[in-house]
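Step one of this worksheet: look at the structure below.
Since the model is a prediction, treat every value here as computed from it, not as a measurement. Letters A, B, ... are given to chains in the order of the sequence lines, protein chains preceding strands, and every chain is numbered from 1.
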2 protein chains.
Amino acid sequence: MTTIKDIAQAAGVGVGTVSRVLNGTGYVSEETRQRVWEAVERFHYVPNGAARTLVTKRSMAIGVVLHDLTNPFVPTLARGIEDEARRHGYTIMVLDTDWQPENELQTVTILRQQAVDGVILVSPAHGELLAGKFQDVNLPVIVVDHGDASGRSHITVDHYHGARKALEWARQQGHSAIGFLAGPRSLRFADLRLRAYLDNIGQTDLPLEEVDQHEELPIARADFLFEQGRLAAETLLRTHPEVTCLFAANDLSALGALRYLAQQGIAVPGQVAVIGFDDIFVSSLVHPTLTTIRQPTYDIGVEAARQLLQRLRHPDQPIEQRVFDLTLVVRESC
Amino acid sequence: MTTIKDIAQAAGVGVGTVSRVLNGTGYVSEETRQRVWEAVERFHYVPNGAARTLVTKRSMAIGVVLHDLTNPFVPTLARGIEDEARRHGYTIMVLDTDWQPENELQTVTILRQQAVDGVILVSPAHGELLAGKFQDVNLPVIVVDHGDASGRSHITVDHYHGARKALEWARQQGHSAIGFLAGPRSLRFADLRLRAYLDNIGQTDLPLEEVDQHEELPIARADFLFEQGRLAAETLLRTHPEVTCLFAANDLSALGALRYLAQQGIAVPGQVAVIGFDDIFVSSLVHPTLTTIRQPTYDIGVEAARQLLQRLRHPDQPIEQRVFDLTLVVRESC
DNA sequence: CTGAAAGCGCTAACAT
DNA sequence: ATGTTAGCGCTTTCAG
């Protein structure tokens with residue numbers, strides 16, 4: 001393995017000088033600079049990152065902790081992070097926690113040991129706790145949360161107004177009886193979408209906890225799942241035949257609903273319209289294509305990386321927060 | 001920052017001893033071992049990986065070079081790699097090349113500098129070249145290729161027989177006029193699937209290059225794309241009305257075909273059946289659900305990591321190759 | 001402008 | 001069984 005010493009020798013200079021030209025620091029005469037670069041090229045020399053990290057305390061690597069790579073959002077978001085990080089010479093270490101809290105905690109030790117310069121948490125299960133742990137060991141951390149707008153989270157999206165947009169569109173299309181396929185309970189962003197729905201149908205004062213007791217409301221739990229979406233659509237349309245439009249809390253359950261309607265031979269959007277939330281890749285491929293609310297997933301990734309790198313450069317600048325807007329994507333289903 | 005020295009001092013022993021208990025090497029009396037661990041816990045001490053890497057020449061990190069994280073296969077495969085790597089204490093550095101050859105070459109320098117212990121290339125654009133470059137700098141490399149079974153590639157799948165299985169199933173279902181929605185030309189695994197099709201329809205002697213000149217064959221190029229699949233289905237059914245089954249070279253184009261059929265009100269599989277290849281996530285969500293050939297993507301990832309780690313442990317053992325079988329997944333469309 | 005030297009935190013002999 | 005010491009390859013004073 002060729003080291004800085006070999007280069008110094010080959011170029012007939014001291015190692016200090018080689019280091020200076022490599023890093024572009026301090027003064028080096030044009031001529032020696034040339035000689036050094038020549039030697040570097042000739043030996044295909046690449047500085048040893050570990051040695052560098054040891055002295056500079058910077059590894060040029062950032063950790064990305066995410067709950068599940070195979071979840072539709074995550075790869076897109078991760079790409080945003082990777083692209084932005086790479087642009088600034090950083091490399092990412094990806095840790096998949098598979099939603100397990102114990103795995104989440106493990107990442108602290110792993111990333112500390114790997115000496116990353118900072119970390120991005122993507123929709124962590126226990127964000128507060130985990131972010132705290134990282135801060136305790138002085139690792140700058142950015143929390144990206146498609147779901148939560150509270151506390152330490154710095155990047156998220158405006159679920160409430162996104163849902164409102166969907167509902168307004170549905171009403172513009174002439175739908176007055178709109179059913180809701182709700183997400184899991186007490187998941188914060190599921191709650192925000194539900195709140196938007198309730199407000200839209202005039203149930204401004206109804207607390208979220210009491211929703212289940214009001215069977216007269218056209219709401220069914222689909223828990224963000226395809227199969228549950230299918231079943232919820234069935235239930236809802238049977239108990240509330242007046243409904244002409246289904247608004248699903250996420251695309252996956254909207255797809256389930258679409259499935260049910262197709263099987264029943266119910267025309268979409270002719271007899272029943274469907275509108276989703278998320279705009280996952282699939283939504284443009286099904287028949288009919290799904291009208292939905294799009295999350296700027298890639299941009300969120302870029303923004304997360306941008307903020308982190310910014311923080312690495314200027315550790316004491318105030319923390320930025322950012323809430324992304326959501327946009328309506330009109331397709332065939334509504 | 002607390003170092004091994006602090007621990008040594010706190011435990012009243014030398015740094016060597018601390019190192020020994022941390023790594024479980026050499027003899028240490030039970031009693032001192034205890035004292036050391038106590039100090040470690042008390043200080044929440046985590047060894048500095050960079051320092052360790054510098055002396056041991058092992059970073060416990062492996063590089064994963066992939067062409068596009070957002071490509072349906074990749075996240076699943078990456079998870080397989082990550083899970084297996086983590087099980088053995090390794091962390092992965094993910095580099096996305098976005099199919100750009102110049103980005104691929106860059107990864108060599110980046111990963112060399114980051115001092116990874118080995119690398120996995122996932123369907124690289126220029127696999128031979130890239131693998132060579134890594135080997136030149138003594139980095140063990142495993143090539144995972146959904147597409148190619150030649151040369152240095154160590155892990156791939158049996159496209160030819162997979163396609164044969166699909167076709168045999170179609171014939172068992174009573175289809176004798178089967179059309180083919182082909183992938184891009186001269187992509188090796190696209191070729192293998194096409195070859196399987198030609199052999200199945202009795203065109204054993206027809207060279208792949210001449211396929212386009214034989215318009216009497218029910219073959220249309222769909223280039224693995226959704227939109228092209230839609231168009232190819234249209235063309236094919238118009239020029240070859242006798243066709244009762246469409247076999248698509250990949251799921252995405254099969255989905256496109258499904259789309260066209262739905263728009264035309266053609267019953268699937270009643271009037272025309274469809275069969276795909278890959279089993280991407282979406283395929284089970286569309287209506288009708290897609291019958292297809294499944295690639296064991298996650299397992300391939302695990303296997304790739306397993307082989308790499310194996311090689312890191314025993315550098316001089318012979319290289320393993322592995323070809324995965326493909327399985328037919330029967331759903332509604334055929 | 002540039003060379004020499006002192007570490008960065010750790011492991012792995014080498015003594016004892 | 002354990003303390004001491006010599007580097008690992010690099011950056012960064014500090015002289016000159």
Students often mix this up, so state it plainly: with edges at 30° and 60°, are the rings of A:His159 and A:Phe189 parallel, tilted or perpendicular?
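The rings of A:His159 and A:Phe189 sit tilted, inter-plane angle from 30° to 60°.
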Could you check whether atom CZ of A:Arg58 has more than 12 heavy atoms from other residues, nucleotides or ligands sitting under 6.0 Å from it?
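No, not enclosed.
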Are there over 12 heavy-atom neighbours, none belonging to A:Gln100, within less than 6.0 Å of that residue's CD?
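More than 12 within 6.0 Å, yes.
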For A:Lys5 and D:dC8, is the shortest distance between a side-chain N/O and OP1 or OP2 below 4.0 Å?
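Answer is no, no contact under 4.0 Å.
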Is any side-chain N or O of A:Asn48 closer than 4.0 Å to OP1 or OP2 of D:dC8?
no
Aromatic ring centroids of A:Phe73 and A:Tyr298 under 6.0 Å?
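That pair fails the under 6.0 Å test.
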Please tell me which of the listed nucleotides, D:dT11, D:dT13, C:dT11, lies nearest to the side chain of B:Val15?
C:dT11
Among C:dC10, C:dT2, C:dA13, which nucleotide has an atom closest to any side-chain atom of B:Thr3?
C:dC10
Are B:His314 and B:Gln310 close enough that a side-chain donor and a side-chain acceptor fall under 3.5 Å?
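Not at all, the side chains of B:His314 and B:Gln310 share no donor-acceptor pair under 3.5 Å.
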Check each of A:Gln113, A:Gln106, A:Arg112 against A:Ile110 using the side chain to side chain contact (heavy atoms under 4.5 Å, CB included) test, and report the only one that passes.
A:Gln106
Using a 4.0 Å heavy-atom cut-off across all strands, classify [X] as base, sugar-phosphate, or nothing.
X	answer
A:Ser19	base
B:Gly12	sugar-phosphate
A:Thr32	sugar-phosphate

Between C:dG9 atom P and B:Tyr45 atom OH, what is the distance in whole Å?
10 Å
Through what angle, rounded to 10 degrees, does the axis of the helix from C:dC1-D:dG16 to C:dT16-D:dA1 turn between its ends, using five pairs per end?
40°
